[in-house]
Amino acid sequence: MCGITGWVSFDRDLRASADTLDAMTQTMECRGPDDRGTWTDGPAALGHRRLAIIDLPGGRQPMTAETPRGTVALVYSGETYNYTELRSELTGRGHRFTTDSDTEVVLRGYLEWGEELAERLNGMYAFAVWDGRENKLVMIRDRMGIKPFYFYETPDGVLFGSEPKAILANPLAKSRVTLDGLRELFTIVKTPGHAVWDGMHEVEPGTVVTVDRGGLRQRAYWTLRTRPHTDDRDTSIATVRSLLDDIVRRQLVSDVPRCTLLSGGLDSSAMTAIAARQLGEQGETVRSFAVDFVGQTENFVADEMRGTPDAPYVHDVAKAAGTDHRDIILDSNELADPEVRARVIRARDIPAGFGDMDASLYLLFRAIRKHSTVALSGESADEVFGGYLQFFDEEARTADTFPWLVRMSQHFGDDSNVLRDDLAGALDLDGYVRRSYADAVRGIRRLDGESDFEYRMRRMCHLHLTRFVRVLLDRKDRASMAVGLEVRVPFCDHRLVEYVYNTPWSLKSFDGREKSLLREATADVLPKSVYDRVKSPYPSTQDPKYAVALQNQAKDLLARPSHRVFDLVDRARVTRAAHRDVPQTEQASGRGLERTLDLALWLDMYSPELVLS
């Protein structure tokens, strides 16, 4: 796992711009603390920071290959889980390898197959190839968007990077946010290609972007397609289990210590139990880690979102699977620490607005990094198998909007209510969401004979797999890579995604519960308590001290009336939120305060130009 960046300028020789390339590369240090490298050749400049996972001495980058027609250079971030098979195939085609790294397999694969290499890869990846034979840059991102990848067009080329901060380190990139960027910040719709920063774009998942003197072109090599599902229930269950066994086995490959993230829910428990069984066959014990909060289990208050605390189920799994388990216990002071909030914003490059859930994820990863370099996560199983509560909420099912927004408004409130009225009017967030939803559902194919209900559920699944999952994958990647931890997501293997997406909803929930296919496919490795457990979302602190700490920070901010944040938020509303009584059973602080504090820190750290008209 690594951080990549680069610059292509067809009108200049970038060998004279080494300092700028170094600055861009340095921003990726957290993603790659083990090594750095740069490479320039005329119009192309590539930078790389490395987190060594496979072939520790042999995977240095940028990696180059000399050909009779010119040099081909690669910077690569991610993991290719089928690299051993590809290596064997390429060896049979006459290629010779000097390392054991998957990076060299990707480079040689490009030499053999060109851009079509993307369709052969199984993994999570974002990489760029400067092809000196044709003077072109090729950028490729994995199918699900697990690894981030951004680009910024310039008058004579392009800038790119794993994160916006790498691009913003180049003077050609303007640190500017327009109304459209703010719209994306205050709505969880994940518009494809949108990067919040004006002029910057994401390389879309499953896409190849090519840049040469003729301009920039994009081509999708993978999309989520509707296909008939003909397997019966037993065959479907068996197929899911077979895929999971293969996926976990591939993703356990590492030359550094690895572990699992364990929440006590179905997803992480199934993944952990399968990993424990497979490593146990090799005489190894899997490490597992869970996050919890001081006093949470003892003082837990059930609500409609979370019926049970995680810890008892975590410990049931750890005992049954025989893992070497550790709980990471966080307190409210840590969660509310402005320095932690600043680190989260620096990791994301935007004030994402997930509050204590962002902070706890970052702190969990920071603690895990002391023991492991690779972690397997149960992330995305809810999107794949239909696990969220909105899948069973009639209002969310029938609403002509993103279903997760219905649930969030019901239970978490609206963090845009702190905006100034004039700005809220200019943003027209409701209209932005309507337009985005119409774009998102356009083109989702309906099977012949598919009922209205099944088609609506197919649309819900498609929206989660092409929009919502990308929000969470980006969050997971940024928080983990900010501390140099590689998090792998087995449930995002495209083979599993394609197969389960096309199972009808009646099969996904054949027993009337969420994630029926996953539960039955892994029943043999699950403790009964977890098998019977009702879905519980990612934990959030229930300690009212957290809310009080945020109120005190908001009062400090209010004492600075000239702060730029008040160009965005309404002082009176923030004042009311900062002085209201906090019930002893308060679970969340009020998202508006969290968003305000995030915005203020972001403005201090990035000093963006705001274009509000």
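All heavy atoms count here, side chains included; hydrogens, waters and symmetry mates do not.
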I would like to know whether Glu153 and His201 meet side-chain hydrogen bond (donor to acceptor under 3.5 Å, both in side chains); could you show each step before the answer?
CA-CA 9 Å; Glu153 291 187 77; His201 306 276; 5.0 Å; no
Residue list, side-chain hydrogen bond (donor to acceptor under 3.5 Å, both in side chains) with Glu184, at least two apart or on another chain
Thr191, Tyr432
Once rounded to the nearest 0.5 Å, what's the spacing between atom CH2 of Trp602 and atom CD1 of Ile350?
8.5 Å
Does a salt bridge link Arg50 with Asp35, judged by any charged N lying under 4.0 Å from a carboxylate O?
no
In terms of side-chain geometry, is the basic nitrogen of Asp604 or Arg564 positioned less than 4.0 Å from the acidic oxygen of its partner?
no
Residues Arg407, Asp393: salt bridge by 4.0 Å N-O rule:
yes
Taking Trp404 for the side chain and His464 for the main chain, is one N or O donor matched with an acceptor at less than 3.5 Å?
no
Residue pairs involving residues 548-559 (criterion side-chain hydrogen bond (donor to acceptor under 3.5 Å, both in side chains); sequence neighbours excluded):
none
Considering all heavy atoms of both residues, which atom of Leu262 and which atom of Ala318 are nearest to each other, and what is their separation?
CD2-N, 4.3 Å
Look at Arg31 together with Glu29 and state whether they make a salt bridge at an N to O cut-off of under 4.0 Å.
no
Treating Arg183 as the side-chain partner and Leu427 as the backbone partner, does any N or O pair qualify as donor plus acceptor under 3.5 Å?
yes
Ignoring hydrogens and angles, state whether a donor on the side chain of Asp316 or Ser529 is under 3.5 Å from an acceptor on the partner side chain.
yes
Just checking, is any N or O donor in the side chain of Tyr313 or Ser536 under 3.5 Å from an acceptor N or O on the other one?
no
Using every non-hydrogen atom in the two residues, find where Ala166 and Thr27 come nearest and quote the distance to one decimal.
CA-OG1, 3.2 Å
Does any N or O in the side chain of His194 come within less than 3.5 Å of the main-chain N or O of Lys190, such that one atom is a donor and the other an acceptor?
no
Considering only NZ, NE, NH1 and NH2 on the basic side and carboxylate oxygens on the acidic side, decide whether Lys147 and Asp477 come within less than 4.0 Å.
yes
Tightest non-hydrogen contact, residues Ala549 and Ala336, listed as CB-CB, 3.6 Å
Using only atom types and a distance under 3.5 Å, with no angle test, would you say the side chain of Asp356 pairs donor to acceptor with the backbone of Leu335?
no
Run the numbers on Lys165 and Met28 for side chain to side chain contact (heavy atoms under 4.5 Å, CB included), then give the verdict.
CA-CA 8 Å; Lys165 60 176 63 71; Met28 299 287 94; 3.7 Å; yes
Could you check whether any side-chain N or O of Ser77 sits under 3.5 Å from a backbone N or O of Cys2, counting only pairs where one atom can act as donor and the other as acceptor?
yes
What distance do Ile188 atom CD1 and Ser436 atom OG have between them, rounded to the nearest 0.5 Å?
12.0 Å
Quick one: does any side-chain atom of Arg348 pair with a main-chain N or O of Ala352 as donor and acceptor, under 3.5 Å?
no
In plain terms, say whether Arg533 and Asp310 are close enough for a salt bridge, that is, a side-chain N and a carboxylate O under 4.0 Å apart.
yes
Excluding sequence neighbours, so at least two apart, what forms ring-ring contact (aromatic ring centres under 6.0 Å, His included) with Phe392?
Trp505
Tyr152: what forms a ring-ring contact (aromatic ring centres under 6.0 Å, His included) with it, not counting sequence neighbours?
none
For Leu558, all residues meeting side chain to side chain contact (heavy atoms under 4.5 Å, CB included), sequence neighbours excluded
Phe566, Arg571, Val574, Thr575, Ala578
Just to verify, what does Asp422 make a salt bridge (Lys or Arg N to Asp or Glu O under 4.0 Å) with, not counting sequence neighbours?
Arg420
From CG (Leu557) to CG (Leu550), nearest 0.5 Å
12.0 Å
By salt bridge (Lys or Arg N to Asp or Glu O under 4.0 Å), Asp598 pairs with (sequence neighbours left out) Arg341
Given side chain to side chain contact (heavy atoms under 4.5 Å, CB included), test Ser268 with Thr260 step by step and report yes or no.
CA-CA 8 Å; Ser268 66; Thr260 67; over 6 Å; no
What's the separation between atom OH in Tyr388 and atom NZ in Lys535, rounded to the nearest 0.5 Å?
6.0 Å
In plain terms, say whether Lys515 and Asp267 are close enough for a salt bridge, that is, a side-chain N and a carboxylate O under 4.0 Å apart.
yes
Indicate yes or no for a side-chain donor-acceptor contact from Arg176 to the backbone of Glu609 under 3.5 Å, with no hydrogens or angles considered.
no
Mark yes or no for whether Arg595, through its side chain, and Val418, through its backbone, hold a donor-acceptor pair below 3.5 Å.
no
Going by the rule salt bridge (Lys or Arg N to Asp or Glu O under 4.0 Å), which residues pair with Glu379 if we only count those two or more places apart in sequence or in a different chain?
Lys476
Would you call Arg519-Glu514 a salt bridge at under 4.0 Å N-O?
yes
When you measure from the side chain of Thr541 to the backbone N and O of Asp543, does any donor-acceptor pair fall under 3.5 Å?
yes
At what distance, to the nearest 0.5 angstrom, does CG of Asp567 lie from CG of Leu603?
8.5 Å
Kindly indicate, with the supporting measurements, whether the criterion side chain to side chain contact (heavy atoms under 4.5 Å, CB included) is fulfilled by Leu361 and Tyr538.
CA-CA 10 Å; Leu361 193 67; Tyr538 183 85; 3.7 Å; yes
Dump the intermediate steps for side chain to side chain contact (heavy atoms under 4.5 Å, CB included) on Glu79 and Tyr125, then the final yes or no.
CA-CA 6 Å; Glu79 303 291 346; Tyr125 46 84; over 6 Å; no
Contact summary for Glu204 and Gly193, nearest pair of heavy atoms
CG-N, 3.7 Å
Within a radius of less than 6.0 Å around CZ of Arg369, do more than 12 heavy atoms belonging to other residues, nucleotides or ligands occur?
yes
Is a salt bridge present between Asp331 and Lys545, judged by a nitrogen-to-oxygen distance below 4.0 Å?
no
Using a 3.5 Å distance criterion without hydrogens, assess whether the side chain of Asp34 forms a donor-acceptor pair with backbone atoms of Leu51.
no
When rounded to the nearest 0.5 angstrom, what is the spacing between CG in Leu485 and OH in Tyr362?
12.0 Å
Between Trp197 and Tyr606, does the ring centre distance come in under 6.0 Å?
yes
Going by the rule side chain to side chain contact (heavy atoms under 4.5 Å, CB included), which residues pair with Arg434 if we only count those two or more places apart in sequence or in a different chain?
Asp430
Using the test side chain to side chain contact (heavy atoms under 4.5 Å, CB included), find all partners of Glu339 that sit at least two apart in sequence or belong to another chain.
Asp337, Arg343
In plain terms, say whether Glu594 and Arg591 are close enough for a salt bridge, that is, a side-chain N and a carboxylate O under 4.0 Å apart.
no
Test side-chain hydrogen bond (donor to acceptor under 3.5 Å, both in side chains) applied to Ser288 - qualifying residues, sequence neighbours left out
Thr323, His325
Do Phe289 and His371 have their ring centres less than 6.0 Å from each other?
yes
Ala426: what forms a side chain to side chain contact (heavy atoms under 4.5 Å, CB included) with it, not counting sequence neighbours?
Leu179
